[in-house]
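Just so it is clear: chains get the letters A, B, ... in the order the sequence lines come, proteins before strands, and each one is counted from 1.
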Amino acid sequence: MVAMNHELLLGWWDTAARDLPWRRPDCTAWGVLVSEIMLQQTPVSRVEPIWHEWLARWPVPSAMAASSQGEVLRMWGKLGYPRRAMRLHEAATAIARDHGDVVPSDVETLESLPGIGSYTARAVATFAYGQKCAVVDTNVRRVVARAVHGAGDAGPPSTKRDLRDVEAILPSSQQDAAVFSAALMELGALICTARNQKCADCPLFAECAWQLAGRPAYAGPEKKAQKFAGTDRQVRGKLLDVLRGAPGPVPKMQLDVVWNDITQREKCLVSLLDDGLVEVTRDGLFALPGEH
DNA sequence: CATTCGTGGCG
DNA sequence: TCGCCAAGAAT
C-alpha cells in the first residue's frame, strides 16, 4: 500500500462504527477524557456501564475534584489498574484549578496532566476537539503494520516511529483526519483484530500490503506473555478488593487473610500505601484514601 | 528501552 | 484448562 485510500475507510466507518456514548455529538471533552482513561488496556464492554455512572455523578472535572480519592476508587470498581482512577482524580483537580474546569485542547498541555500520555493526549485533542493529529494505539499499530508494512503484526512500540508512520497516512483535511483516526482504531477493534481477523469484511482488503504479500506470519521479536497468577498485581488487587468491599476502615487481619506469603503481602501493602491507594488511620486501621 | 501495574472473558 | 488479549502511562 503506497498511499492509504482514505475513502474506503471513511465509507466503512459510516456503516460499521459502533454507537458508543463517548462518540455522540453531545458528549463533552470531559466525557471523552474519562472514556480514554478507562479504555486503557480495558475492553469497551466493561467500560461502558462504569462510564455512564461516572458521567452522571461527575459531569464536570470540578465535581470529581470535590470527591475523595476513596470515593473515586469505589466508583472505579474492578476496572483494573486503579492508579488510573487516582491519576484521573489528580487531573480533574488540576483542570478545575488551573484550566477553568475546561479540559485542555492542545496535546502539549494534555500530556502534562497526570495519567495522560502520548496516546490519550492525541485522542482527546482529536476526538473531543476535532484537531488533526496522529493517534496511535495498539489497534492502529496493528492495522498499519499489516495494511501498510505487510507484516503479520506490529513489532515493539516506538513512540516516535509509530507517530511518523501514522502521520504519513493521515488525510490532509482536518475534518477527515479525525474520522480517519477513529476509523483506523475501529478497524483494528472489529476487523483487523489480533487473532481471528475478519479480512473478508475488511474495506482495505484489496490494497492491504499484508494480503498482497500472502499474509506472512509475524516475524518480529517474540512478545513476552504477561503473567498474573502469583504476581504482586494479583496480591494488590486482592488487598484493594477487601477495602472496596468494606464500608469503612478495616483491621489488618482482614487484609492478612487474602494472601499466605507474608513477605509478598507486606511488600504489596507498602506499595499500595506508597501509591496512595491505601491509608492507615490513627487507630492503625487500613482504609481507602480520604475515608477516615 | 524494558517492566510494572488489574481484571475478566474467550478460543 | 490456560495463554492471550483488551483505546497505555510512568519509571
Side-chain angles (χ1 to χ4, degrees), chain A residues 17-18 20-23 31-51 73 76-88 90-91 110-128 134-144 153-163 166 178 181-190 192-197 218 220-244 258-259 264 267-268 271-272 274-278:
Chain A
R18 292 167 292 179
L20 300 174
W22 44 85
R23 286 178 179 167
V32 172
L33 172 57
V34 171
S35 79
E36 292 301 342
I37 299 294
M38 288 184 170
L39 287 164
Q40 291 168 7
Q41 305 288 285
T42 310
V44 167
S45 59
R46 260 194 290 161
V47 165
E48 226 178 320
I50 309 287
W51 182 88
L73 285 175
W76 190 258
K78 306 195 78 167
L79 267 190
Y81 294 137
R83 292 190 296 188
R84 288 182 294 168
M86 297 291 282
R87 290 175 180 144
L88 183 50
E90 279 183 70
L110 284 163
E111 271 195 275
S112 73
L113 294 169
I116 300 185
S118 174
Y119 162 75
T120 303
R122 291 160 179 280
V124 170
T126 300
F127 304 138
V135 182
V136 184
D137 77 328
T138 184
N139 288 310
V140 171
R141 287 182 2 87
R142 185 174 54 250
V143 171
V144 169
D153 202 351
S158 163
T159 308
K160 304 269 295 185
R161 181 168 49 73
D162 295 340
L163 269 178
V166 176
S181 287
L184 219 44
M185 291 174 61
E186 192 75 341
L187 190 70
L190 299 181
C192 196
T193 48
R195 293 173 302 184
N196 304 114
Q197 54 276 14
Y218 171 69
E222 229 175 289
K223 309 184 175 185
K224 289 162 193 168
Q226 58 162 344
K227 300 287 184 189
F228 179 66
T231 62
D232 290 354
R233 250 170 31 263
Q234 182 182 25
V235 179
R236 285 165 55 105
K238 283 179 176 294
L239 291 170
L240 211 53
D241 198 40
V242 171
L243 297 182
R244 277 195 305 261
V258 303
W259 199 254
Q264 187 181 22
K267 172 189 170 210
C268 288
S271 76
L272 286 172
D274 281 345
D275 291 344
L277 288 161
V278 176

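- Taking atom C1' on both dA2(B) and dA7(C), the two are 22 Å apart, rounded to the nearest angstrom.
- Among the heavy atoms of the strands, none lies under 4.0 Å from Arg122(A).
- There is a side-chain donor-acceptor pair under 3.5 Å between Tyr119(A) and Glu36(A).
- Side-chain contact between Ser181(A) and Met185(A) is absent, with no heavy atoms from C-beta onward closer than 4.5 Å.
- Residue Pro114(A) is in sugar-phosphate contact alone, with no base atom involved, counting any heavy-atom pair closer than 4.0 Å across all strands shown.
- Comparing the P positions of dC4(C) and dT3(B) gives an interatomic distance of 16 Å, to the nearest angstrom.
- Nearest-nucleotide mapping onto DNA chain C: of Gly117(A) and Thr193(A), the residue sitting toward the 5' end is Thr193(A).
- A straight line from CE of Met38(A) to C1' of dA9(C) spans 17 Å, rounded to a whole angstrom.
- At a threshold of 4.0 angstrom between heavy atoms, the contacts of Trp22(A) include nucleobase atoms, whether or not backbone atoms are also involved.
- In this entry the distance linking CD of Glu36(A) with P of dA6(C) reads 16 Å, nearest Å.
- Nearer to the 5' terminus of DNA chain C, by closest-nucleotide assignment, is the contact made by Leu39(A) (compared with the other of Leu39(A) and Leu113(A)).
- A side-chain N or O of Arg233(A) and one of Gln226(A) form a donor-acceptor pair less than 3.5 Å apart.
- Of all heavy-atom pairs between Thr126(A) and Ala178(A), the closest is CG2-CA, 3.6 Å.
- In this structure, Arg23(A) pairs ionically with Glu186(A), as a charged nitrogen and a carboxylate oxygen lie closer than 4.0 Å.
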Audit row: Cys268(A), Leu239(A), side chain to side chain contact (heavy atoms under 4.5 Å, CB included) steps and yes/no: CA-CA 8 Å; Cys268(A) 288; Leu239(A) 291 170; 4.0 Å; yes
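- The separation of dG6(B) from dT1(C), taken at their P atoms, amounts to 26 Å, rounded to a whole angstrom.
- Computed from coordinates, the Asp137(A) CG to dG8(C) P distance equals 6 Å when rounded to whole Å.
- Following rounding to the nearest Å, Tyr119(A) (OH) and dA6(C) (C1') show an atom-to-atom distance of 12 Å.
- In this model, a donor atom of one side chain and an acceptor atom of the other lie less than 3.5 Å apart for Arg84(A) and Thr42(A).
- Arg23(A) comes within 4.0 angstrom of a base, heavy atoms only.
- Taking 4.0 angstrom as the limit, Thr120(A) places a side-chain polar atom (N or O) nearer than this to OP1 or OP2 of dA9(C).
- At whole-Å resolution of the value, CE in Met185(A) and C1' in dA6(C) are 12 Å apart.
- Electrostatic pairing of Asp241(A) and Lys238(A) does not count as a salt bridge here, judged by no charged N lying under 4.0 Å from a carboxylate O.
- Put simply, CZ on Arg18(A) is 12 Å from P on dA6(C), counting in whole angstrom units.
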Sugar-phosphate or base contact per nucleotide [nucleotides 2-11 of chain B; S, B, -; heavy atom under 4.0 Å]: -S-BBBS---
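- Rounding to whole angstrom units, CG of residue Asp162(A) and P of dG8(C) are separated by 13 Å.
- Within the 4.0 angstrom heavy-atom criterion, only backbone atoms of the sugar-phosphate kind lie near Ala225(A); the bases stay farther away.
- Using a 4.0 Å heavy-atom criterion, one finds that Leu20(A) contacts the bases of the nucleic acid, with or without backbone contacts as well.
- Looking at heavy-atom distances under 4.0 Å, Ser158(A) makes no contact with the nucleic acid at all.
- Atom NZ of Lys223(A) and atom C1' of dC4(C) are 11 Å apart (whole Å).
- Note on Ala189(A): only backbone sugar-phosphate atoms sit closer than 4.0 angstrom, heavy atoms only; bases stay farther off.
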